[in-house]
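Notes for the one structure printed next.
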Amino acid sequence: MLEKSYNPKDFEEKIYAKWENDGDFKPDMRSDRDAFSIVIPPPNVTGVLHIGHALNNTLQDILVRYNRMLGKNVLWQPGTDHAGIATQMVVERNLAKEGISRHDLGREKFIETVWEWKKQSGGTICRQLRRLGASCDWSRERFTMDDGLSRAVRKIFVSMYKDGLIYKAKKLVNWDPKFETAVSDLEVIQKETVGKMYYYKYPLEDNPNEFIHIATTRPETMFGDTAVAVSKDNPKLKNLIGKNCVIPIINRVIPIIDDEHADPEKGTGAVKITPAHDFNDFEVGKRHNLPMINILNKDATLNENTPFAGMSTQEARTKTIEKLTELGFMEKIEDHPMVIPYGERSGVVIEPYMTDQWFVDAPKLAIEAKRAVADGEMEFVPAVYKKTYFEWMNNIQPWCISRQLWWGHQMPIWYGPDDTIFCEETEEEAQAVADKHYGKHVELRRETDVLDTWFSSGLWAFSTLGWPDQNEYLEKFYPTSVLVTAFDIIFFWVARMMMMSMYMMKRVPFKKCYIHGLVRDAHGQKMSKSKGNTVDPMETIEKYGADAMRFFMAAMETQGRDVNLSEARIQGYRNFATKLWNAARFCEMNECYSVKDFDISEAKLEINKWIIAKAKEATAQVSTNLNNYRFSDAANAVYQFVWGTFCDWYIELIKPIFYGENAESIKETRAVAAWVLDRILVIMHPFMPFITTELWDNLTERKVKLIKAEWPTNETVNENDKSDIDWAIDFIGAIRSLRASMNLPAGAKLSAYVKASAADLDIIAKQNALICNLARLENLQALNDLPVSKDMVQTVSREATILIPLKGVVDFEAERARLQKELEALNKNLESYARKLGNESFVAKAPAAVVEEEKRRQAEALDNKAKVEEALARIANF
RNA sequence: GGGUGCUUAGCUCAGCUGGAAGAGCAUCUCGUUUACACCGAGAGGGUCGGGAGUUCGAACCUCUCAGCGCCUACCA
């Protein structure tokens, strides 16, 4: 027996453990069925499940479970990302608590500590994914720093290096002074702020009483200036070109040059050029062969090339202004809106910094990655994201992949004594090549830099499947079927996977890419810790169950839009689960058990044929919508069928059968009810895997597990099977509505009369008991020649007129008002029909079916109007 | 600056190829019935941001105005 109430805590974790132990998530490698595969967007190993993961993984799990039930051979490949900076940060923070820095430990020992940490605490997010119900094949769990995946990284690195797609260059890069490493453009967050614009002047070398006026937001960088640029198109300043000016304080002489970068309209028209600390100036410097003076240390303090060595940029800025003011060069300071770059992880100001770094030739790799999308080999869903993808790919810059961190894939680069580079997959190979190169044994020095985390993530689609080793998983599951991810990592990850995969595999990593939005709070505000509006999905699961949260995610996921999290709505879906639970209890109490080999086509009762047709229809809707990644439409189709059709109508309609005496009918109805409930469990399983499994396992002995039950396809629905009961439902609705509007006590059993076509009367005759029961009627009979009296209220359902005698209790005023209102509505509609049908071009140009439909409505409305007028006439004098 | 999206019922949002405006929550009535009050029945509520155009017909297509958002960018 099922418990009296739905309590997800009783079974969710238990059921998950059983699935996993039974190996239900593993693909069948001997099967030759179609493959369906997804690689999980690897969460950071340091991560805890946040609400965005809950959405992302719910959607994946729905697709995975659906396809598994469709009979495909399914692999959902899980794993985690080593998350270079993030992880190093966490471990460093832990060490700091004990007063230790990573430098105290040294590189090797530190890395050991990170691995130790991973062993202790790295599994959190995977445990949480299990709690959510994610049916990944955990036996294949991978980590981007695993031996196999590391080998993949080295192999592709070497290959790209040898193909000239990876190169070393001394360039300005985004430098994070906190972690003392380069970061990529994408890891820099631009924040709008109101800063200051500083105006001051540099004296000319040949005449210290003449000045060139400068405007800058960063006066402290003046010690790195190696020129001042003006445009030759600037009539006021062009005469200065070719002269020299003097940087105050340090009294260094620099040239005034002509460069298009100096826009006469902006600032003072003259720009100080600091090639080592500004991306634009760097370009100017290259054009004019200017010296590049580095004024910063790795931690962004000023170095000995400045008078303020050791100070932070802020301190130095204050000092510089003081000094300039003192010397009389300062002119004015204005507020100035500007954009300041911050490190995504560190939160500190990013400095353009001149260093040796390694780059991937992204513009070249982008060519094939773009072509694959343009040719439809990889398709974005929704398609708008294709634009975003191309927009970025068309403007892509070389990708800085080297990081001066310790945690990550150390680059397979070795330097010879004369700094010759040897790039090989292993140290032995590099040594061998080097020895041959030098003609003798030499000492090699390994590059200390590690790779950007996203380098290894870019290989995820094939490295997790065992590449570079040829194997059956790679064979069967690559390219993967679909990647499900949020739009914020299209560039970080999706684009890089495309580039890496097209380069190495010559095939797309996934055939489709489903992009979902962000999870926001109930009012569409972005969730953030500072606003205090974050929601912990684990708490939500604790409170309402994983199924309720999953259903919520599915029901709210409309293509590409953000999801607003509403606790009320999650509670609503918990209520939905309760509803299903109770419906199942109803079936159980009435002995509706699945009948082996029961043939639904043999159902004879109208009501049973009806629900079977509706169930097939709902199944088809869910299938179609899931096939098109329309999660909310799929979820709503299930919801509507289960609650609105099965519970609200079918269960109510079959109660009289169960309370009656017809053994044949009871037997058939029990079998059908059980069949429909089973069908519900099947089509609901991808959304709510736990409750459906619990019910599946408890209601009857089963031959198959629900997780592997067959998802029905290509069923035919006989429209005739639905029509009578649909008619009766409308009819019951009309009576209920009439009763409510007339304030007739629910308890009062009434008689009713009907005037209708022979066909409709036939339905009434057949479904009399059923209608009377739900409409609370004593009896319902055809109105033949029965005199119509004033003591009757009237309503209309489709073409049938319903009359209910109310001896002496009719409130004529209320009834007149009600009928009058109905009449007005009909007249309004009739006007619109007449207008349309009176329009010659409508009749001539609109499709015949549309015109016919309009005519039918007109006829129906006219008919109803006559009936209402009749009723009004009847009570006219009371 | 470039790109891109949004504006529909009190709230949060659906509405796929243009053919009589929908859901959930909230609100208001009413509760005969042992599956369920985490419930049931009924009802009210929208000139689909403003304007113009295309069309027989527009929430949907075009233009325009207004407001909001996101991504991206080197404006000293």
Side-chain angles (χ1 to χ4, degrees), chain A residues 2 4-6 185 190 197 214-218 229 261-263 265-274 278-283 336 338-339 352 384-385 387-388 390-392 395 487-488 490-491 517-518 520 522-524 526 544 555-556 558-566 568-569 571-590 624-625 628 630 632-633 636 639-640 647-648 651-652 655 732-733 736-741 743-749 773-774 776 829 832-833 836 839-847 849-851 853-854 857:
Chain A
L2 294 172
K4 181 139 174 42
S5 59
Y6 164 64
D185 296 349
Q190 306 287 349
M197 179 73 85
I214 307 287
T216 180
T217 54
R218 302 200 60 187
H261 172 56
D263 185 338
E265 303 298 313
K266 287 175 187 161
T268 60
V271 194
K272 66 194 263 316
I273 302 297
T274 323
D278 182 284
F279 288 101
N280 285 316
D281 294 2
F282 178 75
E283 294 303 320
H336 180 72
M338 56 192 287
V339 178
V384 282
Y385 287 103
K387 290 187 199 164
T388 314
F390 281 125
E391 186 65 22
W392 193 67
N395 296 302
F487 66 78
D488 54 346
I490 291 184
F491 306 143
L518 259 43
R520 297 168 173 276
H523 287 87
K526 207 165 178 170
Y544 298 108
M556 298 308 286
T558 52
Q559 293 205 340
R561 302 292 296 275
D562 289 344
V563 167
N564 290 0
L565 192 94
S566 141
R569 201 137 178 168
Q571 194 176 326
Y573 291 121
R574 189 275 319 269
N575 295 353
F576 177 51
T578 306
K579 187 80 182 173
L580 172 68
W581 185 268
N582 286 313
R585 282 182 60 235
F586 171 85
C587 291
E588 189 183 46
M589 288 161 103
N590 288 286
T624 306
N625 286 314
N628 294 315
R630 301 184 65 88
S632 71
D633 289 338
N636 288 331
Y639 185 94
Q640 179 49 42
C647 293
D648 286 349
I651 287 184
E652 294 308 320
K655 278 177 183 173
I732 292 164
R736 282 175 171 175
S737 178
L738 181 68
R739 292 179 68 122
S741 64
N743 283 320
L744 301 178
K749 285 245 179 181
N773 193 271
L774 292 202
R776 297 293 299 162
N829 286 342
S832 127
Y833 304 141
K836 267 194 174 176
N839 183 339
E840 278 173 35
S841 22
F842 171 73
V843 180
K845 291 185 184 172
V850 174
V851 177
E853 175 62 14
E854 206 68 16
R857 286 172 188 156

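In what follows, chains carry the letters A, B, and so on, assigned in the order in which the sequence lines appear, proteins first and then strands, with residues in each chain numbered from 1.
Using bins of under 30°, 30° to 60° and over 60° for the plane-to-plane angle, the ring pair A:Phe487/A:Tyr385 lands in the parallel bin. Using the six-membered ring where Trp is involved, A:Phe491 and A:Trp392 have ring planes that are parallel, under 30° apart on the 30 and 60° scheme.
Residue A:Asp648 places its side chain closer to B:G40 than to any other of B:C56, B:G2, B:G40. If you check B:G19, B:A35, B:A76 against the side chain of A:His261, the one that comes closest is B:A76. In this structure, the nucleotide among B:G15, B:G19, B:C38 sitting nearest to the side chain of A:Arg630 is B:G15. Closest to the A:Val384 side chain, of the nucleotides B:C70, B:G5, B:A14, is B:G5. In this structure, the nucleotide among B:C56, B:C36, B:C74 sitting nearest to the side chain of A:Asn280 is B:C74. Nearest nucleotide to the A:Lys526 side chain, out of B:A35, B:C71, B:U12: B:C71.
If you check distances only, the side chain of A:Ser841 never reaches the base of B:C56 with a donor-acceptor pair under 3.5 Å.
Residue whose closest nucleotide on RNA chain B sits further toward the 5' end, between A:Phe842 and A:Arg520: A:Phe842. Comparing A:Asn582 and A:Thr216 against RNA chain B, the residue whose closest nucleotide sits nearer the 5' end is A:Asn582.
Between A:Lys655 and B:A35 there is a side-chain polar atom (N or O) within less than 4.0 angstrom of OP1 or OP2. Phosphate proximity of B:A43 to A:Ser737: present, with a side-chain N or O under 4.0 Å from OP1 or OP2. Between A:His336 and B:A76 there is a side-chain polar atom (N or O) within less than 4.0 angstrom of OP1 or OP2. One finds a side-chain N or O of A:Lys387 lying less than 4.0 angstrom from the OP1 or OP2 phosphate oxygen of B:G5. Contact annotation: A:Lys579 reaches the phosphate of B:G40 (side-chain N/O to OP1 or OP2, under 4.0 Å). The side chain of A:Arg736 contributes no N or O atom lying less than 4.0 Å from OP1 or OP2 of B:G40. In this model, the phosphate group of B:A14 is approached by a side-chain N or O of A:Thr558 to a distance below 4.0 Å at OP1 or OP2. A close approach under 4.0 Å does occur between a side-chain nitrogen or oxygen of A:Asn564 and OP1 or OP2 of B:C13. Look at A:Asn839 and you won't find any side-chain N or O under 4.0 angstrom from OP1 or OP2 of B:G57.
Base contact: A:Arg574 has a heavy atom under 4.0 Å from a base atom. Among the heavy atoms of the strands lying under 4.0 Å from A:Met197 are primed sugar atoms or P, OP1, OP2 only; no base atom is included. At a threshold of 4.0 angstrom between heavy atoms, the contacts of A:Arg776 include nucleobase atoms, whether or not backbone atoms are also involved. At a threshold of 4.0 angstrom between heavy atoms, the contacts of A:Arg857 include nucleobase atoms, whether or not backbone atoms are also involved. Looking at heavy-atom distances under 4.0 Å, A:Ala522 makes contact with sugar-phosphate atoms alone, never a base. Using a 4.0 Å heavy-atom criterion, one finds that A:Gly517 contacts no nucleic acid atom at all. Residue A:Phe491 is in sugar-phosphate contact alone, with no base atom involved, counting any heavy-atom pair closer than 4.0 Å across all strands shown. Within the nucleic acid shown, A:Glu652 comes within 4.0 Å of at least one base atom, counting heavy atoms only. Base engagement by A:Ala262 is indicated by at least one non-hydrogen atom pair under 4.0 Å involving a base atom. Among the heavy atoms of the strands lying under 4.0 Å from A:Cys647 is at least one base atom, whether or not backbone atoms are also near.
Residues passing the side chain to side chain contact (heavy atoms under 4.5 Å, CB included) test with A:Lys655, sequence neighbours excluded: A:Phe586, A:Ile651, A:Glu652, A:Tyr659.
Distance check on atom P: B:C25 versus B:U17 gives 28 Å, rounded to whole Å. Going from the C1' atom of B:C13 to that of B:G5 covers 16 Å, rounded to whole Å.
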Sort me out a list of protein N/O and nucleotides 22-31 of chain B N/O pairs below 3.5 Å, or just none if empty.
none

### Task
Would you sketch RNA chain B in dot-bracket for me? Only Watson-Crick or G-U wobble pairs with both distances under 3.5 Å count, crossing pairs as [ ], other-strand pairs as |, the rest as dots.
(((((((..((((.....[..)))).(((((.......))))).....(((((..]....))))))))))))....
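For the pair A:Thr274/A:Lys272, a side-chain contact is recorded, criterion being any heavy-atom separation below 4.5 Å from C-beta on.
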